[in-house]
Structure formats: structure tokens, C-alpha cells
Amino acid sequence: MKIDTKPMPSLSMDGWITSTSIKADYLISHFFVSEYSRTFLFEGEVASMPYLIQKHKNDILGLVRDVELTLKSYFGRYFPKAEVQVSSKEYEAGKYSLIIVVIVTDIEGKEFSVSRLVDVLDSKINKIAQLNNTGETI
């Protein structure tokens, strides 16, 4: 068994996270709640969904592109390989959904995926749902 060389720190009873599934879940959760400007030491390095929604208020295609790039970079810090797919569906002005699928490969070559459906209303995250399948649901 190989030892994970990139454990993720947590400020919880979990301590240093080495499990692929738990680490991926923590990372995607952090992405949804992190504040982009929370630190001046790592300016531009904080992965933040609220920031990206604010930045691309009227540009869903730009939002999809930046979510993909941001998550690929963020998950790539902790896994040897990270693939990200993001798609969108606009319902009306100011109301849309994003489907986010992240597939990571751990140091043993095993793949694991996390996927979320994010509903956005008037530039605010309205709901985040975990997807059990990666098929089209919206």
C-alpha cells in the first residue's frame, strides 16, 4: 500500500485527510463555501464558487469555463490526476443550474468521482444537491 504524499489538513476531528473519497468530498465542499478574499498571503489561489458566480454574473459560459479551470487546479494540488466536467442549463434570466463532475485518480491509480447539481438564482447559490449518477438530470 502506498502512502498518500499529499494529505489534506482539516480543522476537525478528522485531522489530516488521506482517504481519497473523504478528501474529494472536503475539497468540493470547501469550494462552495470558501471566501475568495479570506487571505492576502495566497491572493488568487483560493478556489471559491461564490466568487466565480459574482465574477461571471451575466456570463454563464465564462462561469462554466472558470469553474472547470479552478476545480482542475484545486483538485490537482491533492491528486495525481483530476478531470472536471461542467455543464449548464439556463431557465430564465438570473436562474440557472450547473452540473459539476470531478473525477480524480489517487496514487494507487483508482478513480473516484464527486458530482453536484448547483442551482443559482440571482447570483446566489440556492441549492446544492449531490448526484448519484453522472447522467443528465436537468
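Note that the coordinates shown come from a computational prediction; the quantities given were computed from them, not determined experimentally. For reference, positions follow the sequence shown, starting with 1. For the numbers below, each heavy atom of this structure counts, side chains included, while hydrogens, waters and symmetry mates do not.
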Open item on the list: What's the separation between atom OH in Tyr78 and atom NZ in Lys6, rounded to the nearest 0.5 Å?
Closed with: 10.0 Å
- [ ] Quick one: closest heavy-atom pair of Phe79 and Ala24, and the distance?
- [x] CZ-N, 4.2 Å
Open item on the list: Please determine whether side chain to side chain contact (heavy atoms under 4.5 Å, CB included) holds for the pair Ile53 and Val120, giving the CA-CA distance in whole Å, both sets of side-chain angles, and the decisive distance to 0.1 Å.
Closed with: CA-CA 9 Å; Ile53 290 172; Val120 178; 3.9 Å; yes
Task: Heavy-atom closest contact (Thr18 atom, Pro7 atom, distance) - done: CG2-CB, 3.8 Å
Task: Inter-residue atom distance Ile128.CD1 - Leu131.CG, 0.5 Å rounding - done: 11.5 Å
Open item on the list: Among residues at least two apart in sequence or on other chains, which ones pass side-chain hydrogen bond (donor to acceptor under 3.5 Å, both in side chains) with Ser29?
Closed with: none
Task: Test salt bridge (Lys or Arg N to Asp or Glu O under 4.0 Å) applied to Lys81 - qualifying residues, sequence neighbours left out - done: Glu83
- [ ] Could I get the full list of side-chain hydrogen bond (donor to acceptor under 3.5 Å, both in side chains) partners for Ser123, not counting sequence neighbours?
- [x] none
TODO: Please report the closest heavy-atom contact between Ala47 and Ser34, naming both atoms and the distance.
DONE: O-CB, 3.5 Å
TODO: Establish whether Ile22 and Leu27 are linked, either directly or via other cluster members, by ILVMFWY side-chain heavy-atom contacts under 4.5 Å.
DONE: yes
- [ ] Any chance you could lay out the side chain to side chain contact (heavy atoms under 4.5 Å, CB included) test for Val118 and Phe32, step after step, and finish with the verdict?
- [x] CA-CA 10 Å; Val118 182; Phe32 291 124; 3.6 Å; yes
Open item on the list: Looking at Ser97 and Lys89, would you say the former's side chain and the latter's main chain have a donor-acceptor pair under 3.5 Å?
Closed with: no
Task: Approximate separation, where rounding is to 0.5 Å, of Tyr91 OH and Tyr96 OH - done: 12.0 Å
TODO: Could you tell me whether a side-chain N or O of Lys95 sits under 3.5 Å from a main-chain N or O of Asp122, the two making a donor and an acceptor?
DONE: no
Task: Distance (rounded to the nearest 0.5 Å) between Met49 CE and Gln54 CD - done: 13.0 Å
Task: Cationic tip of Lys23 above Phe75 ring, under 6.0 Å, 45° of axis - done: no
TODO: Can you establish whether the number of heavy atoms outside Glu90 located under 6.0 Å from its atom CD is more than 12?
DONE: yes
Task: Tyr26: ring pair (Phe, Tyr, Trp, His ring centres under 6.0 Å) partners, not counting sequence neighbours - done: His30
Task: side-chain contact (heavy atoms from CB on, under 4.5 Å) involving Lys124 - partner list, sequence neighbours excluded - done: none
Open item on the list: Suppose we screen for salt bridge (Lys or Arg N to Asp or Glu O under 4.0 Å). Which residues come up paired with Asp25, at least two apart in sequence or across chains?
Closed with: Arg116
Open item on the list: Tell me whether Asp14 contacts the main-chain N or O of Ile17 through its side chain, where contact means a donor paired with an acceptor under 3.5 Å.
Closed with: no
Check residues 60-70 and write down every donor-acceptor pair under 3.5 Å in which the side-chain atom is one partner and the other belongs to a residue at least two apart or another chain.
| unit_1 | atom_1 | unit_2 | atom_2 | d |
| --- | --- | --- | --- | --- |
| Asp66 | OD2 | Lys55 | NZ | 3.0 |
| Asp66 | OD2 | His56 | NE2 | 2.6 |
| Glu68 | OE2 | Val86 | N | 3.1 |
| Thr70 | OG1 | Asp66 | O | 2.7 |

- [ ] Could you tell me the separation between the CG atom of Leu121 and the CD1 atom of Ile125, rounded to the nearest 0.5 Å?
- [x] 12.0 Å
TODO: Any chance you could measure Thr20, atom OG1, to Glu108, atom CD, to the nearest 0.5 Å?
DONE: 7.5 Å
